[in-house]
S.K.: 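This is the structure, below, for whatever I ask next.
Every value quoted in this text rests on a predicted model; they were computed, and no experiment measured them. Proteins come first, then strands; the chains are lettered A, B, ... in the order of their sequence lines, and each starts at number 1.
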2 protein chains.
Amino acid sequence: MNAGRTARDRARAELTHEIKAAARRQLATEGAERLSLRAISRELGMVSSALYRYFPSRDDLLTALIIDAYDALGATAEAAAQESENDYPWDPLATWTAVCSAVRDWARANPHEYALIYGSPVTGYKAPQTTVEPASRVPIVLLGLLSRAHAEGWLSPLRSAPEVDGVLADQVDVLAELAPGVPRKTLLRVGIAWTQLFGMISFELFGQLVGTMDPADEFFAAATRQMAEFIGLRRLAAVGE
Amino acid sequence: MNAGRTARDRARAELTHEIKAAARRQLATEGAERLSLRAISRELGMVSSALYRYFPSRDDLLTALIIDAYDALGATAEAAAQESENDYPWDPLATWTAVCSAVRDWARANPHEYALIYGSPVTGYKAPQTTVEPASRVPIVLLGLLSRAHAEGWLSPLRSAPEVDGVLADQVDVLAELAPGVPRKTLLRVGIAWTQLFGMISFELFGQLVGTMDPADEFFAAATRQMAEFIGLRRLAAVGE
DNA sequence: CACTGTCAAGAGCACTGCTCTCGGTTTTGT
DNA sequence: ACAAAACCGAGAGCAGTGCTCTTGACAGTG
């Protein structure tokens, strides 16, 4: 458990970190599929075969990068939420937009790592179970925010929305475990907003918006605001309505 | 102009088609980034260098596959819209959901071609201008549907939605050219619904929904319905409201 | 000191995209 | 009808890839 038990352990941890850093650098210039172990080893001044002592295969290195990316994005979202949660009076709509913007900003700052986790999956690469926990950090932030907003009376009842039943009700209920008390109607719409958020970011990053919403700042802001209203997050001034 | 003017032209067209077919087959088993010209040539019983007579580079082959995919998806969407447009009385909400479902079904039937056009862009590959026209066929279908719906009084005025101004108004106005008469508020929401649709499909195909909305049929149906209402498409019974 | 596990190095395999040259065929212009 | 031009597939070859295997050197522990 001790991080630097022996000199060998320390050297190994350090080199592992350096390999991932070089891989990330290469990810930015060459892309995920052209990630080359030999190029990394060249950059690090070592022989290619030595890399296999640290990552048994190219896929294992990819897995490490994917987990790191999920964790970095998750930490960004958590930080944005945290920063906004302490305001008084707390404004869940502001927190919602802050988290969404933080996710977008991270994606724009790290487009290749974003593509690695939210783009088309690398073929022949089977994501191991270890990736699902870091992948769920962003949804957990959003659901936690919703849960607190509900507890404090910030959620509209969505009277006009249809009831959620059947298979969908069961599926929505697994979200409810992370957002106790939030009604199904709201949770379903959170799922819709969730896919909208990442769909929009992917479109922006992957060039699907050029010609229309290309500088996407205003589109993103408007969409985020309207989706927040869609799921029933009230504006600060509108609590008692 | 004549398709089979000479024997050589005919042979060339046929071989071009066979190469793309083999490439598509390999796309399904190996993925876009592992698409190998040598493997294609092996499958076709020819020498690898001969392929370069038909596609000057791997990127050119990819471009052809991308254009074909956009065209196939566009044709699917157009067919779905056409089929629903002729119903009487015409129900634009039904057409909307039909087009969305058709897009999803095509994506599920051709996941690798979908990933090719809506997944992370292949690194080092610069999409030429020739791809934008086939890429716009689906948006054109949706906007045309909205335009007709507006002309026939099927669109709610979206009174509670905020005004669209500034840069966003200009961006939305380029959509307006494809959907004459449709108000900005509606067009902005169409953009939001558009990103939601493809975000949802991508999440389903790329495995981001497992653990929650995994069999996504009901989620998809509910989301499509609610997004249609979001953009103001009225239900058939609610025209006069 | 000796043993055990870890390390970098290097050769080697089968593969990739791509280029170039070669001889043969087809199409085209006159 | 015939020569010139365009096109074609075959093959060799280049520089690069992921990955495996063996070899010899080193550090940590008994």
Side-chain angles (χ1 to χ4, degrees), chain A residues 1-20 22-23 25-27 29-66 116 122-126, chain B residues 1-20 22-23 25-27 29-66 116 121-126 128:
Chain A
M1 286 300 137
N2 193 335
R5 223 174 51 79
T6 72
R8 194 177 288 205
D9 283 353
R10 250 181 293 121
R12 186 179 179 84
E14 195 170 319
L15 238 180
T16 303
H17 187 266
E18 275 183 37
I19 291 171
K20 288 199 289 187
R25 233 171 298 137
Q26 202 179 100
L27 210 66
T29 64
E30 300 297 322
E33 62 244 31
R34 307 207 179 172
L35 192 144
S36 152
L37 295 189
R38 290 178 119 105
I40 295 173
S41 66
R42 235 179 293 133
E43 185 178 331
L44 264 51
M46 61 202 306
V47 124
S48 72
S49 56
L51 271 184
Y52 290 83
R53 303 261 178 212
Y54 296 85
F55 296 96
S57 78
R58 189 172 172 273
D59 279 9
D60 289 275
L61 176 55
L62 268 180
T63 300
L65 293 178
I66 287 172
L116 191 63
V122 181
T123 330
Y125 170 82
K126 177 80 179 67
Chain B
M1 285 301 138
N2 194 334
R5 223 173 55 80
T6 71
R8 201 189 286 235
D9 282 356
R10 249 180 295 118
R12 185 180 178 84
E14 195 170 319
L15 238 179
T16 303
H17 188 265
E18 273 183 37
I19 291 171
K20 289 198 289 187
R25 235 172 294 136
Q26 202 179 98
L27 211 65
T29 63
E30 300 296 323
E33 63 244 32
R34 305 204 182 177
L35 191 143
S36 151
L37 295 190
R38 288 178 119 106
I40 295 173
S41 67
R42 237 177 292 134
E43 186 178 329
L44 263 50
M46 61 202 306
V47 125
S48 74
S49 58
L51 270 185
Y52 289 83
R53 303 265 180 209
Y54 298 85
F55 296 96
S57 78
R58 185 175 175 272
D59 280 8
D60 290 274
L61 176 54
L62 271 179
T63 299
L65 294 177
I66 287 172
L116 190 63
V122 181
T123 329
Y125 170 82
K126 178 80 181 65

S.K.: Over all strands shown, is Leu51(B) touching base, sugar-phosphate only, or nothing at heavy-atom distances under 4.0 angstrom?
M.R.: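 Here Leu51(B) touches no strand at all.
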S.K.: Can you list everything that forms a side-chain contact (heavy atoms from CB on, under 4.5 Å) with Ala22(B)? Sequence neighbours excluded, please.
M.R.: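 Scan of Ala22(B) (side-chain contact (heavy atoms from CB on, under 4.5 Å), adjacent residues dropped) gives Arg25(B), Ile40(B), Glu43(B), Leu44(B).
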S.K.: Return the value, rounded to whole Å, for the distance between atom CZ of Arg10(B) and atom C1' of dC7(D).
M.R.: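 About 16 Å, once rounded to whole Å.
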S.K.: What's the closest nucleotide to the Arg53(B) side chain, out of dA6(D), dC18(C), dG9(D)?
M.R.: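 The listed nucleotide nearest to Arg53(B)'s side chain is dG9(D).
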S.K.: Once you apply a heavy-atom cut-off of 4.0 Å, does Leu44(B) come out as touching a base, just sugar-phosphate, or nothing?
M.R.: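 Nothing, no heavy atom under 4.0 Å.
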S.K.: Does a nitrogen or oxygen in the side chain of Ser36(A) sit under 4.0 Å from OP1 or OP2 of dG18(D)?
M.R.: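 For Ser36(A), the contact criterion (side-chain N or O under 4.0 Å from OP1 or OP2 of dG18(D)) is met.
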S.K.: Under 4.0 Å between a side-chain N or O of Ser49(B) and OP1 or OP2 of dA10(D)?
M.R.: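 For dA10(D), neither OP1 nor OP2 has a side-chain N or O of Ser49(B) closer than 4.0 Å.
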S.K.: How long is the line joining OH of Tyr52(A) and P of dA8(C), in whole Å?
M.R.: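 To the nearest whole Å, that distance equals 14 Å.
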S.K.: Can you tell me the distance, in whole Å, between the CD1 atom of Ile40(A) and the P atom of dT17(D)?
M.R.: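 For the pair Ile40(A) CD1 and dT17(D) P, the rounded distance is 11 Å.
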S.K.: Please state whether the phosphate of dT6(C), meaning OP1 or OP2, lies under 4.0 angstrom from any side-chain nitrogen or oxygen of Tyr54(A).
M.R.: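 Result: no.
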S.K.: Nearest to the side chain of Ser57(B), heavy atoms from C-beta on, is which of dC18(C), dT28(C), dT26(C)?
M.R.: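 Of the options given, the side chain of Ser57(B) lies nearest dC18(C).
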S.K.: dC15(C) P sits how many Å from Arg38(A) CZ, rounded?
M.R.: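 Interatomic distance, CZ of Arg38(A) to P of dC15(C): 15 Å.
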S.K.: Rounded to whole angstrom units, what separation is found between the CG atom of Leu62(A) and the C1' atom of dG18(D)?
M.R.: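 Taking CG of Leu62(A) and C1' of dG18(D), I get 12 Å after rounding.
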S.K.: Could you tell me how far apart Asp9(A) (CG) and dG28(D) (P) are, to the nearest whole angstrom?
M.R.: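 Whole-Å distance recorded here is 10 Å.
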S.K.: Could you check Pro56(B) against Arg8(B) and say which one's nearest nucleotide on DNA chain C is further toward the 5' end?
M.R.: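 Looking at DNA chain C, the more 5' nearest nucleotide goes with Pro56(B).
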S.K.: Looking at every strand, decide which applies to Arg58(B) at a 4.0 Å heavy-atom threshold: base, sugar-phosphate, or nothing.
M.R.: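 Result for Arg58(B) = sugar-phosphate.
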S.K.: Quick one: Phe55(A) CZ to dG18(D) P, roughly how many Å, whole number?
M.R.: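 Roughly 14 Å, once rounded to whole Å.
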S.K.: Hey, is the side chain of Arg42(B) poking within less than 4.0 Å of OP1 or OP2 on dT16(C), counting only N and O atoms?
M.R.: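 For dT16(C), OP1/OP2 do have a side-chain N/O of Arg42(B) under 4.0 Å.
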S.K.: Would you confirm whether Arg58(B), through its side chain, and Leu35(B), through its main-chain N or O, come within 3.5 Å as a donor-acceptor pair?
M.R.: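 Indeed, once roles are kept as given, a pair shorter than 3.5 Å links the two residues.
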S.K.: Would you please test Leu15(A) and Arg53(A) for side chain to side chain contact (heavy atoms under 4.5 Å, CB included) and show each step?
M.R.: CA-CA 11 Å; Leu15(A) 238 180; Arg53(A) 303 261 178 212; over 6 Å; no
S.K.: At what distance, to the nearest 0.5 angstrom, does OG of Ser57(B) lie from CG of Asp60(B)?
M.R.: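 Those atoms lie 3.5 Å apart.
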S.K.: dC19(D) C1' sits how many Å from Leu35(A) CG, rounded?
M.R.: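 Result: 15 Å.
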S.K.: I want to verify a distance call: between dA9(C), dC8(D), dG17(C), whose nearest atom is closest to the Met46(A) side chain?
M.R.: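 Of dA9(C), dC8(D), dG17(C), dA9(C) is nearest to the side chain of Met46(A).
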S.K.: Whether Arg12(B) contacts dC8(D) is assessed here as follows: a side-chain N or O lying under 4.0 Å from the phosphate OP1 or OP2. Is that the case?
M.R.: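 For dC8(D), OP1 or OP2 has a side-chain N or O of Arg12(B) closer than 4.0 Å.
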S.K.: Which atom names give the shortest non-hydrogen contact between Arg34(B) and Gln26(B), and what distance separates them?
M.R.: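 Of all heavy-atom pairs spanning Arg34(B) and Gln26(B), the closest is O-OE1, 3.8 Å.
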S.K.: Looking at dT26(C), dG18(D), dA9(C), which one has an atom nearest to any side-chain atom of Val47(A)?
M.R.: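 When the side chain of Val47(A) is considered, dA9(C) is the closest of dT26(C), dG18(D), dA9(C).
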S.K.: First locate atom CG of Leu61(A), then atom CD1 of Ile66(A), and finally report the distance between them rounded to the nearest 0.5 Å.
M.R.: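 Between Leu61(A) CG and Ile66(A) CD1, I get 10.0 Å after rounding to 0.5 Å.
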